[in-house]
Peer 1: 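I'd like to ask some things about the structure below.
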Amino acid sequence: MKIVKASEKDISIIIDMKLKMSKELGIDFILQENVEEKIKQTYLSLYKEDKGCHFILYEGKKVVAIGGAMLKEDVPFCFFKTPYYGFVMDVYCIPEKRKNGYATEIMHAVLKWLEEKEVHMIKLKPSHEGQLLYEKLGFQNTGEMEKFI
């Protein structure tokens, strides 16, 4: 097992895994058509500004898991002394390699990066399957609500 910080050349790996995750979660239907280019441009911009990153976990030469984070500066956080928070995204492990601790290892790398960015709050939107992992890492359900219309 080897974890590497993704670079611009790895964006296609990240996009492929993100789309697999979206399909598995049954949310691929809400994505824009040809979303790959938009994801690529958005992530490239985040990487260049050092406001986002991903990590890739390899088993040999095979990509097994990914995970990332970005710094968000939206209201009301943009008014705080530290005007941003961390947002965990794209944590995904291929189905046949789950329950081996790979997502936990990816999360340790993601959390370290966020700590280096001096964030005071980290948010994420867990899948039902991922909730236990995040709870073990100290995340708490804050009772946020949302509505799709």
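Source: prediction; values computed, not measured.
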Peer 1: If you compare all heavy atoms of Tyr47 against all heavy atoms of Ala6, which two are closest, and at what distance to 0.1 Å?
Peer 2: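 Minimum heavy-atom contact is OH-CB, 3.9 Å.
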Peer 1: Of all the heavy-atom pairs spanning Asp50 and Leu71, show the shortest one and how long it is.
Peer 2: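 Nearest pair, atom of Asp50 first, then Leu71: O-CD1, 4.3 Å.
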Peer 1: Rounded to the nearest 0.5 Å, what's the gap from CE on Met89 to CG on Leu124? Could you check?
Peer 2: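 Between Met89 CE and Leu124 CG, I get 12.0 Å after rounding to 0.5 Å.
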Peer 1: Any non-hydrogen side-chain atom of Val119 less than 4.5 Å from a side-chain atom of Trp113?
Peer 2: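 Not in contact.
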Peer 1: Report yes if some heavy atom in the side chain of Phe139 is under 4.5 Å from a heavy atom in the side chain of Gln131; otherwise report no.
Peer 2: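 They are not in side-chain contact.
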Peer 1: Lys38: what forms a salt bridge (Lys or Arg N to Asp or Glu O under 4.0 Å) with it, not counting sequence neighbours?
Peer 2: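 Once residues adjacent in sequence are excluded, Lys38 has no partner under the salt bridge (Lys or Arg N to Asp or Glu O under 4.0 Å) criterion.
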Peer 1: Decide side chain to side chain contact (heavy atoms under 4.5 Å, CB included) for Lys147 and Met145; before the verdict, give the C-alpha distance in whole Å, the side-chain angles of both, and the deciding distance to 0.1 Å.
Peer 2: CA-CA 7 Å; Lys147 177 181 177 177; Met145 299 174 74; over 6 Å; no
Peer 1: Between Ile66 and Phe55, does the side chain to side chain contact (heavy atoms under 4.5 Å, CB included) criterion hold? Intermediate values first, please.
Peer 2: CA-CA 6 Å; Ile66 65 164; Phe55 293 89; over 6 Å; no
Peer 1: Go through the structure and list residues passing ring-ring contact (aromatic ring centres under 6.0 Å, His included) with Tyr43, not counting sequence neighbours.
Peer 2: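 Tyr43 satisfies ring-ring contact (aromatic ring centres under 6.0 Å, His included) with His54 once adjacent residues are dropped.
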Peer 1: Are Arg98 and Glu129 close enough for a salt bridge, meaning some N to O gap below 4.0 Å?
Peer 2: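 No, no charged N to carboxylate O under 4.0 Å.
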Peer 1: Check whether any side-chain heavy atom of Met107 lies under 4.5 Å from a side-chain heavy atom of Val88, and answer yes or no.
Peer 2: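 Result yes, sub-4.5 Å side-chain heavy-atom pair found.
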Peer 1: Would you check if Pro95 and Glu24 make a side-chain contact, meaning some heavy-atom pair closer than 4.5 Å?
Peer 2: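 In contact.
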Peer 1: List the atom of Ala109, the atom of Ile3, and the distance in Å for their closest heavy-atom pair.
Peer 2: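 The pair with the smallest heavy-atom distance is CB-CG2, 4.3 Å.
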Peer 1: Distance from Phe79 atom CZ to Asp74 atom CG, nearest 0.5 Å?
Peer 2: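 One gets 10.0 Å once the value is rounded to the nearest 0.5 Å.
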Peer 1: Check the surroundings of atom CD in Glu96: do more than 12 heavy atoms from other residues, nucleotides or ligands lie under 6.0 Å from it?
Peer 2: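 Atom CD in Glu96 is crowded, with more than 12 foreign heavy atoms closer than 6.0 Å.
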Peer 1: For the CG atom of Leu133 and the CG atom of Leu137, what is their distance to the nearest 0.5 Å?
Peer 2: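 With rounding to 0.5 Å, CG (Leu133) is 5.0 Å from CG (Leu137).
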Peer 1: Any side-chain heavy atom of Ile39 within less than 4.5 Å of one from Ile11?
Peer 2: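 The answer is no, as the side chains (C-beta and beyond) never meet within the 4.5 Å cut-off.
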Peer 1: To the nearest 0.5 Å, tell me how far Ile122 CD1 sits from Lys117 NZ.
Peer 2: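 Rounded to the nearest 0.5 Å, the CD1-NZ separation comes to 13.5 Å.
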Peer 1: If the threshold is 4.0 Å, N to carboxylate O, is there a salt bridge linking Asp10 and Lys5?
Peer 2: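 Salt bridge flag = no for Lys5 with Asp10.
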Peer 1: Identify, with sequence neighbours excluded, every residue that meets ring-ring contact (aromatic ring centres under 6.0 Å, His included) alongside Phe80.
Peer 2: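 Testing Phe80 for ring-ring contact (aromatic ring centres under 6.0 Å, His included), a comparison that skips the adjacent residues, returns Phe77.
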Peer 1: Restricting to non-hydrogen atoms, name the atom on Ala69 and the atom on Val110 that form the minimum distance, rounded to 0.1 Å.
Peer 2: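 Result for this residue pair: CB-CG1, 3.6 Å.
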Peer 1: Is it true that Leu132 and Val91 fall in one hydrophobic cluster, defined by side-chain heavy atoms closer than 4.5 Å?
Peer 2: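 Per the 4.5 Å side-chain linkage, Leu132 and Val91 are not co-clustered.
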Peer 1: First locate atom CG of Leu114, then atom SG of Cys53, and finally report the distance between them rounded to the nearest 0.5 Å.
Peer 2: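 The SG atom of Cys53 is 7.0 Å from CG of Leu114, to the nearest 0.5 Å.
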Peer 1: Let me confirm one number: the NE2-OG1 distance from His120 to Thr82, rounded to the nearest 0.5 Å.
Peer 2: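 Going from the NE2 atom of His120 to the OG1 atom of Thr82 covers 3.0 Å.
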Peer 1: Applying ring-ring contact (aromatic ring centres under 6.0 Å, His included), can you list everything that pairs with Tyr84, at least two apart in sequence or on another chain?
Peer 2: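 Counting only residues at least two positions away or on another chain, Tyr84 forms no ring-ring contact (aromatic ring centres under 6.0 Å, His included).
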Peer 1: Is there a side-chain contact between Tyr58 and Val63 in this structure, where contact means two heavy atoms from C-beta onward sitting under 4.5 Å apart?
Peer 2: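 SC-SC contact between Tyr58 and Val63 confirmed.
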Peer 1: Tell me, yes or no, whether the heavy-atom count around Lys40 atom NZ, taken from other residues, nucleotides or ligands under 6.0 Å, exceeds 12.
Peer 2: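 Atom NZ in Lys40 is not packed in, count stays at 12 or less.
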Peer 1: Quick test of your reading: applying side chain to side chain donor-acceptor pair (under 3.5 Å), list the pairs with at least one residue in residues 25-37, sequence neighbours left out, ordered by first then second residue.
Peer 2: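 Matches after skipping sequence neighbours: Glu37-Gln41.
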Peer 1: Name all residues meeting the ring-ring contact (aromatic ring centres under 6.0 Å, His included) criterion together with Tyr102; count only those two or more places apart in sequence or in a different chain, and write none if there are none.
Peer 2: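 ring-ring contact (aromatic ring centres under 6.0 Å, His included) check on Tyr102 returns nothing, list empty.
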Peer 1: With side chain to side chain contact (heavy atoms under 4.5 Å, CB included) as the criterion, how do Ile94 and Lys62 come out once you've worked through the C-alpha distance, each side chain's angles and the decisive distance to 0.1 Å?
Peer 2: CA-CA 10 Å; Ile94 60 174; Lys62 181 175 180 149; 3.5 Å; yes
Peer 1: When you measure from the side chain of Asp16 to the backbone N and O of Ile13, does any donor-acceptor pair fall under 3.5 Å?
Peer 2: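 Not at all, since once roles are kept as given, no pair shorter than 3.5 Å links the two residues.
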